[in-house]
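Position 1 is the first residue of the sequence; numbering continues from there. All values below come from the heavy atoms of this structure, side chains included, with hydrogens, waters and symmetry mates left out.
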Amino acid sequence: MPSHSQSVTIIGTGSYAPTNIVTNDDMAKFVDTSDEWIRSRSGIGARHFAATDETTSDMACIAGRRAIEAAGIDRSEIDLIIVATMTPDMPFPSTACLVQSKLMLPNVTTFDMQAACSGFVYGLSVANSMLLSGNFKNALVIGAEKMSGILDFEDRTTCVLFGDGAGAAVLTATETAEKVGILGALGGADGSAPSLLQQPGGGSAMPATNESIAGRQHFLKMNGKEIFKSAVRVMGQASTDIIEQMGYSPEDLNLVIPHQANMRIIESLAKRLSIPMEKFHNNLDRYGNTSAASVPIALDEAYRAGRIQSGDLVLLVAFGAGLTWASTLIRWQ
Ligand code: ACO
């Protein structure tokens, strides 16, 4: 008797970046920095900033609509929506609820995923499990961020690094002769040093007051050096763990899509995995760090550029505030 596997595959991707492109030279007009400093320290050349009235859910909707179109299914077939973001339109209702309404999707299970820059890869893992449970058929997983809304444009050490955008994927549960699609996923967290990367104000620890606003506590704060060291370590570990757990070696990979935070972090990862940089898809130079949107934007770009073919083994790996980290290994179909 032929055996069958329950597989979860990505059947469509989409992405969106706001039209306003801000170069490093543009940044140097209002903060004490230079194209040379930003490029050499991070690999970033430009980023997209959303319009003042353009929200995270607006960007999420465009990316989501494009992913549904690419998947070739009717929007009524979506029965799970997960939006990964740390810059929601508002604390509640969730951005996923706003997306559900704006895209006129059915009344379905819908929630936000908050794992900072690891959010989309965490979201894939959760959607994979929910689809494998048999209770859901098609999931729309979106990573979307309006980072410009929480950047302190008086802090040159952080404001030059981030950008806005959204990326999305449609996942479906299907019966296959052998396991394809998401082969495995893992996630991790170490919450012992939250101050390394945080937005201190606005939650129950520090509700908004005149003092918190005057003290610029509602903006992103980061200890870049410490985050850098942790990122290299956890990205490497999350990659080798998932590759080994699934019974592969790094040389089996056709493509790696890492979180786009810093080119030096990605180069260290490539060195640690002994994988040539040609096998990485990077767009940091054009987008900066778009947090939860970075992996799905790069995934959509790589797929549409023909860099991912059916049968390819693709690794997605991310890290973010928390600290959090996550990886997913996909046999693309
Ligand atoms: N322009 C010019 N000079 C600058 C700028 C700037 N934008 N920013 C800092 N400098 C100066 C500093 O003041 C410092 O000057 P000093 O030596 O006179 O004090 C000098 O440049 C060197 O600063 P460092 O912090 O040592 O620079 P470093 O080489 O560590 O690079 C960076 C900084 C790019 C932030 C790096 O540490 C990094 O990328 N860290 C990881 C950040 C990251 O990945 N964040 C994303 C996390 S994911 C998420 O969840 C959002």
Side-chain angles (χ1 to χ4, degrees), residues 6-17 56-85 95-96 98-106 108-113 119-132 136-145 165-176 179-183 185 254-255 257 281 283 287 290 292-316 318 328-333:
Q6 199 54 28
S7 293
V8 172
T9 58
I10 293 177
I11 56 169
T13 61
S15 62
Y16 167 77
T56 296
S57 68
D58 291 335
M59 294 186 278
C61 281
I62 299 173
R65 191 178 297 117
R66 288 175 178 170
I68 294 169
E69 277 167 16
I73 62 169
D74 192 84
R75 60 172 186 256
S76 63
E77 295 175 73
I78 300 286
D79 53 7
L80 171 65
I81 306 162
I82 301 176
V83 176
T85 186
T95 300
L98 304 175
V99 168
Q100 181 262 338
S101 167
K102 288 182 185 178
L103 282 184
M104 293 184 293
L105 294 171
V108 296
T109 301
T110 298
F111 59 91
D112 283 3
M113 164 72 56
F120 178 80
V121 187
Y122 258 72
L124 283 186
S125 173
V126 171
N128 180 45
S129 301
M130 292 176 75
L131 292 172
L132 287 177
F136 301 88
K137 177 77 179 114
N138 296 300
L140 175 63
V141 183
I142 304 176
E145 303 280 14
V170 176
L171 280 64
T172 195
T174 175
E175 188 114 320
T176 50
K179 183 91 173 159
V180 292
I182 296 181
L183 303 179
N254 298 98
L255 193 69
I257 300 187
H281 186 83
N283 58 23
Y287 292 90
T290 56
S294 98
V295 169
I297 291 176
L299 176 66
D300 181 49
E301 235 186 36
Y303 181 67
R304 286 174 194 262
R307 288 202 73 184
I308 308 177
Q309 302 296 328
S310 190
D312 280 357
L313 194 61
V314 181
L315 172 70
L316 311 184
T328 302
L329 197 61
I330 301 171
R331 177 69 71 190
W332 197 268
Q333 214 201 26

Can Phe111 and Leu80 be said to form a side chain to side chain contact (heavy atoms under 4.5 Å, CB included), step by step?
CA-CA 9 Å; Phe111 59 91; Leu80 171 65; 4.1 Å; yes

May I ask you to decide if Ile68's main-chain N or O and Arg75's side chain share a donor-acceptor pair within less than 3.5 Å?
no

Can you name the closest pair of heavy atoms from Ile73 and Glu77 and give their distance?
CB-OE2, 3.6 Å

CD1-CE distance between Ile142 and Met113, expressed to the nearest 0.5 angstrom
13.0 Å

If we ignore hydrogens and angles and just use 3.5 Å, is the side chain of Asp74 paired with the main-chain N or O of Ser76 as donor and acceptor?
yes

Shortest non-hydrogen pair, Ala84 vs Ala292, comes out as O-CB, 3.5 Å

Would you check if Leu183 and Leu313 make a side-chain contact, meaning some heavy-atom pair closer than 4.5 Å?
yes

Taking Gly181's backbone N and O only, do any of them form a donor-acceptor pair with Arg331's side chain (distance below 3.5 Å, no angle check)?
no

Ala168 and Leu140 have their tightest heavy-atom pair at CB-CD1, 4.3 Å

Would you find a donor on one side and an acceptor on the other, under 3.5 Å apart, between the side chain of Ser125 and the backbone of Val121?
no

Check whether any side-chain heavy atom of His281 sits under 4.5 Å from a side-chain heavy atom of Leu299, and report yes or no.
no

Answer yes or no: is there a donor N or O on one side and an acceptor on the other, between the side chain of Glu145 and the main chain of Thr85, under 3.5 Å?
no

For the atom pair CZ (Phe120) and CD1 (Ile297), what is the distance rounded to the nearest 0.5 Å?
10.5 Å

How long is the gap from CD1 on Ile308 to CD1 on Ile257, to the nearest 0.5 Å?
4.5 Å

Has the side chain of Asn138 got a donor or acceptor atom that lies under 3.5 Å from a matching backbone atom of Thr172?
no

Give me the atom names and distance for the closest heavy-atom approach of Ala70 to Arg304.
CB-NH2, 3.9 Å

If every non-hydrogen atom of Gly167 is compared with every non-hydrogen atom of Ala293, which pair is closest and at what distance?
N-CB, 4.3 Å

Can you measure from CD1 (Ile182) to OG1 (Thr328) and round to the nearest 0.5 angstrom?
6.0 Å

For Ala127 and Leu171, which heavy atoms make the closest approach, and how far apart are they?
CB-CD2, 4.0 Å

Is it true that a side-chain atom of Asp312 and a backbone atom of Trp332 form a donor plus acceptor pair closer than 3.5 Å?
no

With sequence neighbours left out, write down each residue that passes salt bridge (Lys or Arg N to Asp or Glu O under 4.0 Å) with Lys137, or none if nothing qualifies.
none

Around atom OH of Tyr303, are there more than 12 heavy atoms from other residues, nucleotides or ligands closer than 6.0 Å?
no

So CD1 of Ile82 and OG1 of Thr95: to nearest 0.5 Å the spacing works out to 13.5 Å

Enter the distance from Gln333:CD to Ser7:OG here, rounded to the nearest 0.5 Å.
7.5 Å

So, the side chain of Asp300 versus the backbone of Ser15: is there a donor-acceptor pair under 3.5 Å, distance only?
yes

Less than 4.5 Å apart, any side-chain heavy atom of Ile11 and any of Thr174?
no

Would you mind reporting whether Ile78 and Phe136 have side-chain heavy atoms less than 4.5 Å apart?
no

